[in-house]
Asker: 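Below you will find the structure I want to go over with you.
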Amino acid sequence: MPELPEVETIVLSLRDRISGKKINKVVVQFEKCLGNISAGEFKKILTGAKIISLSRRAKYIIFELSNKYFLFLHLRMTGKVLLKIQSAPITKHDHVMIYLNDNQCIFYNDTRKFGRFFVTQSPEIVLGKLGPEPLGEDYNFSNFSQKITKTQRTIKALLLDQTFVAGLGNIYTDEALWMAKIHPEQPAHSLSKIKRKALFEAIKCVLTQGIANRGTSLGDGQGNYTSSDHQSGTNQHSLKVFARTGSPCPECRTMIQKSVVAQRGTHYCPKCQKLKLINSKAT
DNA sequence: CCATATGTTACTCG
DNA sequence: ACGAGTAACATATG
């Protein structure tokens, strides 16, 4: 479920409440949640360690520990990090519990069980292949532009590729393409410099807005996004195309269409985001 | 029963 | 090598 803005919101809501706390006890209910380590090793490394800092890279939450290890967590589709008091009951789909030294406990809950923890002393093993942070300093137009012109892939598939730009998922990809007025199936190399620049800016824009709105919470099912304090985001009210199939485009009132691109449900305005079949490599 | 779901990766085919 | 498509992971929902 969570894309960059949702993960960022979780990190912001957790940071002050768990930084500096010591891990007293770890319970693993579902060992497959641990991507590169056994439950025994996981408990041994975490127990007794202090949480030095909390940060985010792409869609990963990063716990920096006092014993030189880093704990990474990727929530995939339905993972949730919930901070509760230690006496809170273990409920359905709670897979990992990390008890701190102050009566708080981090509950990792994941309906679909796709999310994964990683423990390592070398962050680059997990983060090495990721593209630039779209809201970071390494995000620059010349690099972005160059990569777009070099591939024939559809622009939607490229935006979802975490080695191109890190942190976009299905929602913010559709929103950025709408804002830049680009058809999701447009071959990346066929985008004019104007369009590449518009997209470069739109990505920053939709992500910044998503964070300001504390994430996108769709529906009220178990898999829906909430922050670590059970708070829903409000960005769903600001979406222009995603989950708005059949509703009017905010720009031109044409009905939003849905199709499948890059194996994902894809929402777009057929009038504002026209596919351009004549591909001359514009500059 | 069927399709779909905020993610990623391995695999096949052309 | 590249890119598209599919399956897989596992569960819930309409």
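Here is how names work: the chains are called A, B, and so on, in the same order as the sequence lines, proteins then strands, and each is numbered from 1. We use all heavy atoms of the structure for the numbers below, so side chains are in, but hydrogens, waters and symmetry mates are not.
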Asker: Report yes or no: is the ring centroid of A:F114 under 5.5 Å from the six-membered base ring centroid of C:dA10, with the two planes under 30 degrees?
Answerer: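 A stacking contact does not exist, since A:F114 is not both close and nearly parallel to the base ring of C:dA10.
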Asker: Whole Å only: how far is the CG atom of A:L218 from the C1' atom of B:dT4?
Answerer: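 Answer to the nearest Å: 13 Å.
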Asker: Is it the case that A:D229 and A:Q231 place a side-chain donor and acceptor less than 3.5 Å from each other?
Answerer: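 No.
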Asker: Indicate, with a heavy-atom threshold strictly under 4.0 Å, whether A:N224 touches base, sugar-phosphate, or nothing.
Answerer: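 Base contact.
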Asker: State whether A:K59 places a side-chain N or O below 4.0 Å from either non-bridging phosphate oxygen (OP1 or OP2) of B:dT8.
Answerer: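 Looking at the OP1 and OP2 atoms of B:dT8, one of them is under 4.0 Å from a side-chain N or O of A:K59.
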Asker: Write down the distance between CD (A:Q263) and P (C:dC9), rounded to a whole number of angstrom.
Answerer: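 One finds 18 Å between P of C:dC9 and CD of A:Q263, rounded.
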Asker: So, OP1 or OP2 of C:dA12: does either fall under 4.0 Å of a side-chain N or O from A:K92?
Answerer: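 Answer yes for this pair, as a side-chain N or O of A:K92 is under 4.0 Å from OP1 or OP2.
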Asker: So what does A:G215 touch, heavy atoms closer than 4.0 Å: a base, only the sugar-phosphate, or nothing?
Answerer: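 It contacts nothing in the nucleic acid.
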Asker: Nearest whole angstrom, please: distance from the C1' of C:dA10 to the NZ of A:K32.
Answerer: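 That distance rounds to 9 Å.
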Asker: Can you confirm if the NZ or CZ of A:K147 lies within 45° of the ring axis of A:F164 and under 6.0 Å from the centre of its six-membered ring?
Answerer: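 Judged by the rule (NZ or CZ under 6.0 Å from the ring centre, within 45° of its axis), A:K147 is not positioned above A:F164.
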Asker: How does DNA chain C look in dot-bracket form if you count Watson-Crick and G-U pairs under 3.5 Å, write [ ] for pairs that cross, and put | where a base pairs with another strand?
Answerer: .||||||||.||||
Asker: Classify the nucleic acid contact of A:S217 as base, sugar-phosphate or nothing, counting any heavy atom under 4.0 Å across all strands shown.
Answerer: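 Nothing: the residue A:S217, judged by heavy atoms under 4.0 Å, touches no strand.
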Asker: Take A:I203 and A:L159, measure what side chain to side chain contact (heavy atoms under 4.5 Å, CB included) needs, and give me the verdict at the end.
Answerer: CA-CA 9 Å; A:I203 287 168; A:L159 294 185; 3.9 Å; yes
Asker: Does a nitrogen or oxygen in the side chain of A:H93 sit under 4.0 Å from OP1 or OP2 of C:dA12?
Answerer: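 Checking C:dA12 against A:H93, a side-chain N or O does come within under 4.0 Å of OP1 or OP2.
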Asker: Tell me what A:R112 touches on the nucleic acid: a base, only sugar-phosphate, or nothing, going by heavy atoms under 4.0 Å.
Answerer: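 Counting heavy atoms under 4.0 Å across all strands, the contact made by A:R112 includes a base.
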Asker: Starting from C1' on C:dG3, measure out to CD1 on A:I155 and report it in whole angstrom.
Answerer: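 Atom-to-atom, A:I155 to C:dG3, this comes out as 14 Å.
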Asker: Would you say A:H267 and A:D174 are linked by a side-chain donor-acceptor pair, where the criterion is simply a distance under 3.5 Å?
Answerer: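 Result is yes, a qualifying pair exists.
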Asker: Without decimals, in angstroms, what is the distance between A:R153 CZ and C:dA4 P?
Answerer: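 Result: 7 Å.
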Asker: Counting just side-chain N and O atoms, does A:R264 come under 4.0 Å of either OP1 or OP2 of B:dG7?
Answerer: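 Checking B:dG7 against A:R264, a side-chain N or O does come within under 4.0 Å of OP1 or OP2.
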Asker: Would you sort out whether A:Y139 and A:F200 count as a ring-ring contact (aromatic ring centres under 6.0 Å, His included), showing the intermediate values?
Answerer: CA-CA 9 Å; A:Y139 184 63; A:F200 178 80; 4.2 Å; yes
Asker: We want to know whether A:Y268 and A:Q257 form a side-chain donor-acceptor pair, criterion being a heavy-atom distance below 3.5 angstrom.
Answerer: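 Yes, A:Q257 and A:Y268 have a side-chain donor paired with an acceptor closer than 3.5 Å.
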Asker: Starting at atom NZ of A:K156, determine the distance to atom C1' of C:dG5, rounded to an integer number of angstrom.
Answerer: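 Nearest whole value for this atom pair: 16 Å.
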Asker: Under 4.0 Å, heavy atoms only, any strand: does A:T78 hit a base, just the sugar-phosphate, or nothing?
Answerer: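 No contact at all - A:T78 keeps every heavy atom at 4.0 Å or more from the nucleic acid.
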Asker: A:S228 and side chain to side chain contact (heavy atoms under 4.5 Å, CB included): which single residue from A:R17, A:R15, A:K84 fits?
Answerer: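 Testing each of A:R17, A:R15, A:K84 against A:S228, the sole residue satisfying side chain to side chain contact (heavy atoms under 4.5 Å, CB included) is A:R17.
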Asker: Would you tell me whether A:R196 and A:S145 have side-chain atoms, one donor and one acceptor, within less than 3.5 Å of each other?
Answerer: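 Side chains of A:R196 and A:S145: pair found under 3.5 Å.
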Asker: Specify the separation, in whole Å, of atom CZ of A:R76 and atom P of C:dA12.
Answerer: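 Checked: the CZ to P distance equals 19 Å.
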Asker: To the nearest Å, give me how far apart CE (A:M77) and P (C:dA8) are.
Answerer: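 Taking atom P of C:dA8 as the reference, CE of A:M77 is at 17 Å.
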Asker: It should be established whether A:K258 places a side-chain nitrogen or oxygen under 4.0 Å from OP1 or OP2 of nucleotide B:dT4.
Answerer: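 Checking A:K258 against B:dT4: no side-chain N or O falls below 4.0 Å of OP1 or OP2.
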Asker: If you find the nucleotide of DNA chain C closest to A:D110 and the one closest to A:A262, which residue's nucleotide is nearer the 5' end?
Answerer: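 The residue whose closest nucleotide sits nearer the 5' end is A:A262.
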Asker: When the P atoms of B:dT8 and C:dA12 are considered, how many whole Å apart are they?
Answerer: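 Pairwise P distance, B:dT8 against C:dA12, rounds to 22 Å.
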Asker: Is it true that the side chains of A:N224 and A:K80 contain a donor and an acceptor less than 3.5 Å apart?
Answerer: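 Their side chains do not contain a donor-acceptor pair, so the 3.5 Å distance test is not met.
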Asker: Which of residues 158-183 of chain A have a heavy atom under 4.0 Å from DNA chain C?
Answerer: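 Contacts with DNA chain C under 4.0 Å: none.
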Asker: Sticking with atom P, work out how far C:dA7 lies from B:dC2, rounded to a whole angstrom.
Answerer: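 Those two atoms are separated by 14 Å.
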Asker: Given C:dA12, C:dG3, C:dA10, which nucleotide is nearest the side-chain atoms of A:K113?
Answerer: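 Minimum distance to the A:K113 side chain belongs to C:dA10.
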Asker: Could you tell me if the ring centre of A:F242 sits under 6.0 Å from that of A:Y172?
Answerer: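 Centroid separation for A:F242 and A:Y172: 6.0 Å or greater.
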Asker: Say we look at C:dG5 and B:dT4: how far apart would their P atoms be, to the nearest angstrom?
Answerer: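 The same atom, P, in both gives a distance of 15 Å.
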Asker: Of all the choices, B:dG7, C:dT11, C:dA4, which nucleotide is nearest to the side chain of A:T154 once you look at every atom?
Answerer: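 For the A:T154 side chain, the nearest candidate turns out to be C:dA4.
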Asker: If we ignore angles and hydrogens, is there a donor and acceptor under 3.5 Å between the side chains of A:Y225 and A:E3?
Answerer: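 No, A:E3 and A:Y225 have no side-chain donor paired with an acceptor closer than 3.5 Å.
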